[in-house]
Amino acid sequence: MAKKLKILIFPDPRLRKVAEKVLKFDKSLQSLADDMLLTMYDANGIGLAATQVDQHVRLVVMDLSDDRNEPRIFVNPSYKVLQNHDLFEFEEGCLSIPGFNETISRPDKIELKWQDINGNEHNEEPEGLLTVCIQHEIDHLEGKLMVDYVSALKRDRIRSKLLKDFKRK
Ligand code: GNR
Ligand code: NI
């Protein structure tokens, strides 16, 4: 049975670790993906990177469907920005930075590569929300967070607020 995992909250230093490439496509990978999907659905998120549950491997889960019944798993995802891209602004949220939304600009045309849970390779030029969300998730695997795109002043305010909330609990 899948179990709910604890999501790390900024400024937890473990969110800064760089994740390792997945080499073994075994039962423990499937089991981590199942736990992450349950954790993501429980938190009402549209995506979750393994880094956020303190597992430092290159694994991302996502569900962009309205009915929340289209789970997707990306193993070792990577992307290249296409030459004819524009920047696209989108208001992003992050389960590791609860209560703060930020408008972030990202390239709107990428070529995405990943492996599925069995290790088979895929590539796609994604459309819409997937383009934004997969860049957000791959940032997590690199130890990068949404707050790294805002001013240091704003980042420090968010850090203080979340540290205070955390101490209150
Ligand atoms: O649930 C989430 N919503 C979201 C909205 C806009 C852009 C990215 C995201 S991902 C986020 C879940 C999360 O923190 N994933 O790392
Ligand atoms: Ni996030």
Side-chain angles (χ1 to χ4, degrees), residues 2-22 29 32-79 81 85-110 112-115 117 124-151 154-155 157-159 161-163 165-166:
K3 59 179 184 299
K4 200 170 94 187
L5 305 171
K6 220 180 105 200
I7 297 176
L8 300 177
I9 303 299
F10 174 75
D12 193 307
R14 291 169 289 182
L15 288 168
R16 296 306 191 178
K17 291 192 187 180
V18 177
E20 304 269 357
K21 187 173 180 185
V22 171
L29 184 69
L32 176 58
D34 290 343
D35 291 350
M36 284 171 58
L37 280 164
L38 177 70
T39 305
M40 176 190 78
Y41 285 125
D42 180 76
N44 285 316
I46 61 173
L48 189 70
T51 307
Q52 293 177 276
V53 293
D54 202 21
Q55 298 294 318
H56 302 281
V57 294
R58 304 190 82 86
L59 172 63
V60 164
V61 298
M62 205 180 286
D63 191 331
L64 303 178
S65 71
D66 289 336
D67 295 338
R68 310 199 48 73
N69 57 1
E70 292 172 29
R72 297 190 67 173
I73 298 172
F74 299 88
V75 183
N76 299 323
S78 69
Y79 66 91
V81 176
H85 73 278
D86 287 311
L87 291 181
F88 180 78
E89 282 191 341
F90 196 81
E91 189 178 326
E92 301 188 17
C94 182
L95 294 172
S96 294
I97 314 173
F100 294 90
N101 291 339
E102 296 294 339
T103 300
I104 314 265
S105 292
R106 299 185 189 269
D108 65 350
K109 285 196 185 73
I110 62 173
L112 177 63
K113 284 202 235 174
W114 73 95
Q115 287 169 279
I117 198 75
E124 180 182 320
E125 205 177 300
E127 295 277 325
L129 191 52
L130 177 56
T131 313
V132 173
C133 195
I134 197 69
Q135 290 183 60
H136 175 116
E137 302 309 342
I138 291 172
D139 274 355
H140 277 302
L141 301 181
E142 293 298 320
K144 189 165 183 185
L145 295 165
M146 248 168 55
V147 289
D148 301 340
Y149 295 90
V150 307
S151 71
K154 207 167 187 181
R155 181 161 57 251
R157 279 208 215 102
I158 296 172
R159 178 189 286 118
K161 177 70 169 55
L162 287 174
L163 278 173
D165 291 354
F166 186 72

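Whatever order the structure lists them in is the order used to number ligands and atoms, beginning at 1.
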**Q** Check this for me: does any side-chain nitrogen of one of Glu137 and Arg58 sit under 4.0 Å from a carboxylate oxygen of the other?
**A** no
**Q** Is it possible for you to check whether Lys144 lies under 6.0 Å from the centre of the six-membered ring of Tyr149, through NZ or CZ, and within 45° of that ring's axis?
**A** yes
**Q** What pair of heavy atoms forms the shortest contact from Pro71 to Leu37, and how long is it?
**A** CB-CD2, 3.7 Å
**Q** Indicate yes or no: at least one non-hydrogen side-chain atom of Ile138 is less than 4.5 angstrom from one of Phe74.
**A** no
**Q** Leaving waters out, which protein N, O or S atoms fall under 2.8 Å from the Ni ion (ligand 2)?
**A** Cys94 SG, His136 NE2, His140 NE2
**Q** Does any non-hydrogen side-chain atom of Gln55 lie less than 4.5 Å from one of Met36?
**A** no
**Q** Decide, yes or no, whether a salt bridge links Lys6 with Asp12 under the criterion of side-chain N to carboxylate O below 4.0 Å.
**A** no
**Q** Are Phe100 and Leu162 packed together at the side-chain level, in the sense that at least one heavy-atom pair is separated by less than 4.5 angstrom?
**A** yes
**Q** Would you mind reporting whether Gln52 and Cys94 have side-chain heavy atoms less than 4.5 Å apart?
**A** yes
**Q** Closest heavy-atom contact between Val57 and Val22?
**A** CB-CG2, 4.1 Å
**Q** Run through ligand 1 for me and note each protein residue having a heavy atom under 4.0 Å from it, chain first, then residue number.
**A** Gly45, Ile46, Gly47, Gln52, Phe90, Glu91, Glu92, Gly93, Cys94, Leu95, His136, Glu137, His140
